[in-house]
**Q** 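Dumping the structure here so I can ask a few things about it.
Atoms considered below: every heavy atom in the structure, side chains included; atoms not considered: hydrogens, waters and symmetry mates. So you know, we letter chains A, B, ... as the sequences are listed, proteins then strands, and number each from 1.
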Amino acid sequence: MHIQVKRTGGFVGATRRAEVDTSGRSDAEAWHSLAREALASGKGSERAGVPDGFHYEVTVDGHTVHFADPHLTDAQRSLVSKVLKEGA
Amino acid sequence: MDANHVFCGIVPPHMLDHLARSGSAAVADAARNALRMDAFHRERRLSAVAGAPPQPTVPGAGTPPDAAQRCAESVLRRTIGDAEHHQRLPGRVVRAEGQDAVSDEPVNRAYDGLGHTHRLYLDAFERDSIDDSGLALNATVHYSRHYDNAFWDGEQMVFGDGDGEVFNDFTISLDVIGHELTHGVTQYTANLDYSGQSGALNESMSDVFGSLVKQYALGQGAAEADWLIGEGLLTDQVQGVALRSMKAPGTAYDDDVLGKDPQPATMDDYVETTDDNGGVHINSGIPNHAFYLAATALGGNAWERAGRIWYDVLTGGKLATDADFASFAGLTAAAARARYGEGEEVQAVLDAWKQVGVPTGSEEGSAVVRQRSGTTAPTPTI
Ligand SMILES: [Zn+2]
């Protein structure tokens, strides 16, 4: 599974990107279930968001969803945090 | 007179308005009295602010608080919540109005920052909280984990702790707190659309008044102020002094991890992008710099004339929700002329917009611009 996160907006206004390829990873199954849970409640098109809130564009194996602060589920928050922290 | 004291400080003006229309003659009378006294004190404070010579003063020091100030302080209602690293808002209440400082510094910084912001709006612009009707001010700290952001969610402010490597705690900069609350003021007034040029104006309003909150709290005139947004927010591992510079947009940071401050100072460098709602945090550098130029040209305290002009436009009812830079610029010239007449204020505003390359429109100041077309605009200070 290929997971990409693009984070835009925020107080700073800087764009950040990171991605994770789970093939061959020992924790691949944990990534897959987190990604599936996050996408299950994701919106297909961009939400308005709030002033200074982050926007997230998450693409999993070619399928893209959009999230906007502060309307993220716990799974969505974990996924974007994890990819931005551990991804390349 | 007793009735005034009863109402003063306990009942916010919008409630007094309501009471003044009360069926009970006694209640309505007392409320109308209180409103009259309130208006009287506000008027007095307004002339005091407008007429006072520029003087750097620490708010609350030097002059004894008058009746209006005591009223205002009692209307100030702050509540700080702790999200405890979850996403829940407003979180567990950890400090309410009037309670002592706690051991958790972000809580105290948020509490104090709300107070400083409330005070600038009240003292300089006679605005009673962000809705001008004494709205309670709420903030939540410790939102999520290692969260590199602060935002306004439409009802309250939210602060992250930062990741500790690039960003410190987002309550560290007073101007950031003023910035977030100003999003609330904008929401209740011009309600500028948060994308493209109107979004960049929305952002710029927050930077302008956020910076003024800090300048007022520190008693700094336009010449002494650092004009930085988010000073202290970057860790010492980052090459940079702040997140934005109104004095020199584009120079706040230049770092391997964070990249370079992307803000333009003039229309020549306007950034076309679809990210960040069309670059609302990027192109805000242009109106930010215009404000800086106008405020420093006028000198003295930036909240007194430049700030007043910008505030008049934000709250004056003529600014469209989808306004672009040029229509905003034209309105600042009109507001300067309406409040101060034909003089150095209008000239400073027109010169500022000219230097950043934003036209002020055919209606506003074209004669002045033509008249001055032979003169060379001063080079923007970098
Ligand atoms: Zn903002």
**Q** Can you measure from CZ (Phe11(A)) to CD (Glu180(B)) and round to the nearest 0.5 angstrom?
**A** 6.0 Å
**Q** At a heavy-atom distance under 4.5 Å, which candidate from His183(B), Gln87(B), Arg244(B) has the highest pair count against chain A?
**A** Gln87(B)
**Q** Report which part of His86(B) has an atom under 4.5 Å of a heavy atom belonging to chain A: side chain, backbone, both, or neither.
**A** neither
**Q** For Asp61(A), is the CG atom crowded, meaning more than 12 foreign heavy atoms sit under 6.0 Å from it?
**A** yes
**Q** Could you look at Thr73(A) and say if it's the side chain, the backbone, both or neither that has a heavy atom under 4.5 Å from chain B?
**A** backbone
**Q** For Gln239(B), is the CD atom crowded, meaning more than 12 foreign heavy atoms sit under 6.0 Å from it?
**A** no
**Q** Could you look at Gln263(B) and say if it's the side chain, the backbone, both or neither that has a heavy atom under 4.5 Å from chain A?
**A** neither
**Q** Just to be sure I understand the criterion: a residue of residues 13-20 of chain A counts if one of its heavy atoms is under 4.5 Å from a heavy atom of chain B. Which ones qualify?
**A** Gly13(A), Thr15(A)
**Q** Kindly write out the residues that satisfy salt bridge (Lys or Arg N to Asp or Glu O under 4.0 Å) with Glu29(A), not counting sequence neighbours, or none if the list is empty.
**A** Arg36(A)
**Q** Hey, does the side chain of Tyr194(B) reach the backbone of Gly49(A) with a donor-acceptor pair shorter than 3.5 angstrom?
**A** no
**Q** Verify whether one side chain among His55(A) and Asp275(B) offers a donor that lies under 3.5 Å from an acceptor in the other.
**A** no
**Q** In terms of heavy-atom proximity below 4.5 Å to chain A, should Leu233(B) be classed as side chain, backbone, both, or neither?
**A** neither
**Q** Please enumerate all residues that pass ring pair (Phe, Tyr, Trp, His ring centres under 6.0 Å) together with Tyr111(B), with sequence neighbours excluded.
**A** none
**Q** Quickly, which of Asp261(B), Ile229(B), Val166(B), Leu243(B) forms a side chain to side chain contact (heavy atoms under 4.5 Å, CB included) with Val12(A)? Name it, please.
**A** Leu243(B)
**Q** Evaluate the side-chain proximity of Asp276(B) to Phe54(A): yes if any heavy-atom separation is below 4.5 Å, no if none is.
**A** no
**Q** Report which part of Asp74(A) has an atom under 4.5 Å of a heavy atom belonging to chain B: side chain, backbone, both, or neither.
**A** both
**Q** What are the two closest heavy atoms between His281(B) and Asp52(A), and how far apart are they?
**A** NE2-OD1, 2.6 Å
**Q** Heavy atoms under 4.5 Å from chain A: which residues of residues 138-163 of chain B carry them?
**A** Tyr143(B), Ser144(B), Tyr147(B), Asp148(B), Asn149(B), Ala150(B), Phe151(B), Trp152(B), Asp153(B)
**Q** Within a reach of under 6.0 Å around NZ of Lys85(A), are more than 12 heavy atoms found that belong to other residues, nucleotides or ligands?
**A** no
